[in-house]
Amino acid sequence: MSMITERPVSNSAGQPPVRTVTEAPVRPQRNVRAVVSAYISLTKPRIVELLLVTTIPAMMLAQGGLPSFWLMAVVLVGGSLAAGAASVLNCYIDRDIDQLMRRTKRRPLPTHTVSPRSALVFGLVLAVISVALMAAFTNWLAAGLTLAAIAYYDLVYTLWLKRTTPQNTFWGGACGAAPVLIGWAAVTGSLAPAAWALFAVVFFWQMPHFYPLAMKYKADYARAGIPMLPVVASARRVNAEIIGFAWVTLLASLAVWPFGMSAIYGVTALVSGGVFVYEAHKLGRQVARGGAVTPMRLFHWSYVYLTILFAAVAVDALV
C-alpha cells in the first residue's frame, strides 16, 4: 500500500511542489496453512504414532481378538488428543529452553508462530476434550489414567524431573508406557498382569530409545542447562545403561510370552529383541573405540523394533 505526500522542492522555474511516493508500513498477512501446521507440530505427531503402535495391540490382547470398531476409534481419538495435549503443554513449559537448542529452536513458540497464551489454551482444551471423550465412551479407569498421564508428563516430568535429575528419562518413562494401560483398561475396565507386562516392555524400552538421541544432541541439552544423562555422565556410562536396558527390554518382552501368547509372539520377541540388543552393543563398541559414533542408528531402529514387537502382539491376539 502506498500513500502520496507533497514536499516542496526549490527550483528556479517556480514549478509546483514535487509529489513523492512513500511506502506505508504493511502488516504481514498470516498464512493460514502455516498457522495450522504450527499448531499440529505442537502436538508432536511422532509421539501420537507411538500411541497407535502400542495401544491397539494392547486392546486386541485384552479383548482376545478385535475390539469393536467404535471402541477402537474412541480410544485412538481420545488417546491422540491426550498425547497431543501433553505435547502442546510440554512445548509451552519448555519454551524458555527450546529457543536455546538447535533441535527445537524452530518450534512454533521459539519462532513466535504461535503465542504462549494460545498454546496454553490449545493444550488445555485438547486435554479436557480427550479426558471427556474417554469418560463418556469408555470407563472411568481409562479416563483417570488418561488424565494422570497428561498431568505426570507435564507437571512431574517436564516441569520438575527434566530440569533437576539425570534420571529424568527413567522416571518419566511411565508416560510413554501409559497408552498400553489405557487401551487395556478401555476394553476390560481393569488392569491384568499381562497389561503390566506390556507396560514394562515400553517403560524399559525408552532408555535405549531416548539416550541415543540425547547423545546426538548433548551440546544442545548442555546449553539449555538440562541434566540429561549424556550431559553429566561419560559416553561409556551412558552406553552401559543403553546396553543394560536393551537387555531388560528383551527380557521383559519374553516375560509377556507366558500370558497366553503363542510362538508367533515368542519367536518375534526373541529375534527382534536380539537385533535390538545387538545394535545397542554395536553402539557400545563404537564408543569404546573412541571413533565416530552413530547413535541415531539405534534411535531409529528402536522405533522399528517396537512396531514389530507390538505387531506380533496384534497378530497373536487374532489367531
Side-chain angles (χ1 to χ4, degrees), residues 44 46-48 50-51 53-55 58 79 82-83 85-94 96-98 101 103-104 123 127 144-185 191 195-218 220-222 224-235 237-253 255 276 280 295 298-299 302-303 305-306:
K44 300 181 183 178
R46 191 68 184 271
I47 294 179
V48 176
L50 178 62
L51 164 81
V53 165
T54 60
T55 304
S87 295
V88 173
L89 295 174
N90 166 269
C91 289
Y92 171 78
I93 295 169
D94 276 352
D96 59 331
I97 62 176
D98 279 351
M101 298 174 60
R103 184 173 67 92
T104 58
L145 289 171
T146 300
L147 177 60
I150 297 172
Y152 189 92
Y153 182 70
D154 291 312
L155 300 180
V156 178
Y157 171 72
T158 304
L159 203 57
W160 176 37
L161 294 173
K162 182 177 181 179
R163 297 169 184 251
T164 58
T165 173
Q167 298 302 317
N168 48 27
T169 303
F170 178 84
W171 294 111
C175 307
V180 171
L181 300 182
I182 294 170
W184 192 287
L191 294 174
W196 289 106
L198 288 175
F199 173 89
V201 173
V202 184
F203 178 85
F204 291 119
W205 165 85
Q206 288 177 91
M207 273 61 74
H209 163 68
F210 185 76
Y211 283 157
L213 182 70
M215 290 173 66
K216 169 75 171 178
Y217 294 102
K218 173 182 174 179
D220 265 2
Y221 286 114
I226 301 300
M228 290 296 178
L229 188 64
V231 174
V232 302
S234 67
R237 159 71 188 284
V238 174
N239 205 74
E241 292 211 15
I242 289 175
I243 292 172
F245 280 115
W247 274 104
V248 173
T249 303
L250 170 59
L251 295 175
S253 70
F276 188 40
L298 179 59
F299 174 78
S302 66
Y303 273 116
Y305 162 69
L306 198 70

Which atom pair, heavy atoms only, marks the closest approach of [X] to [Y]?
X	Y	result
A85	G123	CB-O, 3.4 Å
C175	P179	O-CD, 3.5 Å
Q206	T169	O-CG2, 4.1 Å
P208	A246	CG-N, 3.9 Å
I242	A280	CG2-CB, 4.0 Å
A252	F204	CB-CD1, 4.4 Å

Under a 3.5 Å distance rule, please check whether N90 uses its side chain to pair with a backbone N or O of D154 as donor and acceptor.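 Such a contact is absent between N90 side chain and D154 backbone.
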
Taking T165 for the side chain and L161 for the main chain, is one N or O donor matched with an acceptor at less than 3.5 Å?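 Checked: no pair found.
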
Taking the six-membered ring for Trp, are [X] and [Y] parallel (under 30°), tilted (30 to 60°) or perpendicular (over 60°)?
X	Y	value
F203	F170	perpendicular
W205	Y303	perpendicular
Y153	Y157	parallel
Y305	F276	parallel

To the nearest 0.5 Å, tell me how far [X] [atom1] sits from [Y] [atom2].
X	Y	atom1	atom2	answer
Y211	L298	OH	CG	13.0 Å
M228	K162	CE	NZ	5.5 Å
I93	R163	CD1	CZ	8.0 Å
L250	F245	CG	CZ	14.5 Å
I226	I97	CD1	CD1	3.5 Å
F299	L213	CZ	CG	4.5 Å

Would V180 and W196 count as a side-chain contact (heavy atoms from CB on, under 4.5 Å) if you check the C-alpha gap in whole Å, the side-chain angles of each, and the deciding distance to 0.1 Å? CA-CA 8 Å; V180 171; W196 289 106; over 6 Å; no

Audit row: M207, T249, side-chain contact (heavy atoms from CB on, under 4.5 Å) steps and yes/no: CA-CA 9 Å; M207 273 61 74; T249 303; over 6 Å; no

Test T54 against L306 for side-chain contact (heavy atoms from CB on, under 4.5 Å), laying out the working first. CA-CA 8 Å; T54 60; L306 198 70; 3.9 Å; yes

Counting neighbours of NZ on K44 that are heavy atoms of other residues, nucleotides or ligands and sit closer than 6.0 Å, is the number greater than 12?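 More than 12 heavy atoms, drawn from other residues, nucleotides or ligands, come within 6.0 Å of this atom.
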
